[in-house]
Amino acid sequence: SCTIENLTNKKSHFLNINQWIKGNKKYEFAPKQLINYQIELIMGTLPGSGSNSNLFISLIGSKNSTNFINIKPLISNKEFISGYTEIFTLQNEDIGNINEIKLKTDSSGFNSNIYINRIKIKKEAENNFLTFPIFTWIKTDQEFSFNPNNVEYTIIITNGDVLGGGTDANVSMILYGTKGISEAIK
């Protein structure tokens, strides 16, 4: 692929090439208009949730999808800090309605696994963000998929007020509903 920017009007055009260029042959490619995707990455606050490894995102839409894009160079701190919200912009051709995102990380930095609470995405022509609840560790050399149909729940657990009513045991929960069963939540 190739991106060409008009320095006069600051418009960018994207050429999706995806083929080998061979010899003295003439090739023609039609430019595609780029649009901006504003992305908010909300980091988790669990111990060790930050990292300075690379984090890659791919947007899957109703028309097309993006390749995996390294977002580390696009964020202000150049590392993923526990508890921070990073806001950045991706430019790409219009991929239609976003149906899914994929995330992966590598082992290039200290503490390669990254814990993310949620990711919000908005196309430049739209008013509302599409929210992707993540709430999981993105682990090295694995690909994770998320869709906006995931639902966030607030669960309140109240211990009894009797002597010895608390615990330090590991507790987990599984949610059962009309549309399915959740994985174990710790």
Side-chain angles (χ1 to χ4, degrees), residues 37-72 74-75 77 79-88 90 95-123 126-186:
Y37 292 90
Q38 182 180 347
I39 300 178
E40 291 185 14
L41 171 79
I42 297 97
M43 293 293 300
T45 57
L46 294 177
S49 59
S51 175
N52 62 356
S53 289
N54 293 312
L55 179 65
F56 303 87
I57 189 169
S58 174
L59 310 179
I60 293 85
S62 57
K63 295 181 189 175
N64 204 348
S65 62
T66 69
N67 294 324
F68 274 100
I69 299 164
N70 185 1
I71 62 177
K72 182 178 172 181
L74 304 175
I75 63 174
N77 293 311
E79 64 181 303
F80 303 97
I81 299 172
S82 177
Y84 273 51
T85 297
E86 296 288 352
I87 300 172
F88 58 94
L90 286 181
I95 60 168
N97 295 329
I98 301 172
N99 301 320
E100 179 183 3
I101 61 172
K102 292 185 179 183
L103 297 171
K104 65 181 182 177
T105 185
D106 62 17
S107 56
S108 66
F110 175 73
N111 191 24
S112 300
N113 298 333
I114 302 172
Y115 190 87
I116 300 172
N117 280 353
R118 71 183 59 83
I119 293 179
K120 296 179 177 183
I121 303 174
K122 181 177 77 139
K123 287 168 58 170
E126 296 177 355
N127 293 327
N128 298 322
F129 280 90
L130 193 57
T131 300
F132 293 83
I134 308 294
F135 298 100
T136 194
W137 289 96
I138 307 303
K139 298 178 182 173
T140 303
D141 300 324
Q142 295 179 31
E143 197 173 291
F144 295 82
S145 296
F146 303 94
N147 67 56
N149 298 325
N150 293 343
V151 178
E152 289 184 50
Y153 294 95
T154 300
I155 299 171
I156 300 171
I157 299 173
T158 305
N159 286 343
D161 60 357
V162 297
L163 183 65
T167 183
D168 62 355
N170 293 327
V171 177
S172 63
M173 170 187 317
I174 297 175
L175 299 179
Y176 295 85
T178 58
K179 295 185 178 181
I181 301 171
S182 75
E183 294 180 14
I185 303 165
K186 295 182 180 184

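Everything quoted here is computed from the prediction, not taken from an experiment.
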First locate atom OH of Tyr84, then atom OG1 of Thr45, and finally report the distance between them rounded to the nearest 0.5 Å. 13.5 Å
Could you give all pairs that pass the salt bridge (Lys or Arg N to Asp or Glu O under 4.0 Å) test and reach residues 45-55, with sequence neighbours left out? none
Over all heavy atoms of both residues, which pair between Lys104 and Gln142 is shortest? Give the atoms and the distance, please. CB-O, 3.3 Å
Pairwise distance OG1(Thr140) to CD1(Ile114) - rounded to 0.5 angstrom: 8.5 Å
With a 4.5 Å heavy-atom cut-off, do Ile138 and Thr136 have their side chains touching? yes
Can you give me the closest heavy-atom contact between Phe132 and Ile121, atom names plus distance? CE1-CD1, 3.8 Å
Could you go through Gln38 and Ile87, starting from their C-alpha distance and side-chain angles, then the distance that decides it, and tell me whether this counts as side-chain contact (heavy atoms from CB on, under 4.5 Å)? CA-CA 7 Å; Gln38 182 180 347; Ile87 300 172; 3.6 Å; yes
Can you list the residues that meet the side chain to side chain donor-acceptor pair (under 3.5 Å) rule with Ser145, with sequence neighbours excluded? Glu100
Contact summary for Glu79 and Glu86, nearest pair of heavy atoms: O-OE2, 3.9 Å
Can you find a heavy atom in the side chain of Ile119 that is under 4.5 Å from one in the side chain of Leu103? yes
What are the two closest heavy atoms between Ile75 and Phe80, and how far apart are they? CD1-CE2, 3.5 Å
Enter the distance from Glu143:CD to Phe56:CZ here, rounded to the nearest 0.5 Å. 11.5 Å
Please list, one pair per line, the donor and acceptor atoms closer than 3.5 Å that link side chains of residues 47-55 to other protein atoms, with sequence neighbours excluded.
unit_1: Ser49; atom_1: OG; unit_2: Gly44; atom_2: O; d: 2.9
unit_1: Ser49; atom_1: OG; unit_2: Leu46; atom_2: O; d: 2.9
unit_1: Ser49; atom_1: OG; unit_2: Ser82; atom_2: OG; d: 3.0
unit_1: Ser51; atom_1: OG; unit_2: Ser53; atom_2: N; d: 2.9
unit_1: Ser51; atom_1: OG; unit_2: Ser53; atom_2: OG; d: 3.4
unit_1: Ser51; atom_1: OG; unit_2: Phe110; atom_2: O; d: 3.3
unit_1: Ser51; atom_1: OG; unit_2: Asn111; atom_2: O; d: 2.6
unit_1: Asn52; atom_1: OD1; unit_2: Phe110; atom_2: N; d: 2.6
unit_1: Ser53; atom_1: OG; unit_2: Asp106; atom_2: O; d: 3.4
unit_1: Ser53; atom_1: OG; unit_2: Gly109; atom_2: N; d: 3.1
unit_1: Ser53; atom_1: OG; unit_2: Ser112; atom_2: OG; d: 3.4
unit_1: Asn54; atom_1: OD1; unit_2: Asn70; atom_2: ND2; d: 3.0
unit_1: Asn54; atom_1: ND2; unit_2: Asp106; atom_2: OD2; d: 3.0
unit_1: Asn54; atom_1: ND2; unit_2: Ser108; atom_2: OG; d: 3.2

Go through the structure and list residues passing side chain to side chain donor-acceptor pair (under 3.5 Å) with Lys120, not counting sequence neighbours. none
Atom CZ of Phe129 with >12 non-hydrogen neighbours under 6.0 angstrom: yes
OG1-CZ distance between Thr85 and Arg118, expressed to the nearest 0.5 angstrom: 8.5 Å
Taking atom CD1 of Ile101 and atom OG of Ser58, what is their separation to the nearest 0.5 Å? 9.5 Å
Give the minimum heavy-atom separation between Asn113 and Lys139, together with the two atoms involved. OD1-CA, 3.2 Å
Could you grab the distance from atom OG1 of Thr105 to atom CZ of Phe144, nearest 0.5 Å is fine? 9.5 Å
Once side-chain contact (heavy atoms from CB on, under 4.5 Å) is applied, do any residues pair with Ser172, and if so which ones, sequence neighbours excluded? Lys186
Contacts of Phe146 that satisfy ring-ring contact (aromatic ring centres under 6.0 Å, His included) - sequence neighbours left out: none
So, for Ile57 and Thr66, which heavy atoms are closest and what is the spacing to 0.1 Å? O-OG1, 4.3 Å
Which of Thr131, Asn117, Ile134 passes side-chain contact (heavy atoms from CB on, under 4.5 Å) with Ile42? Answer is Asn117
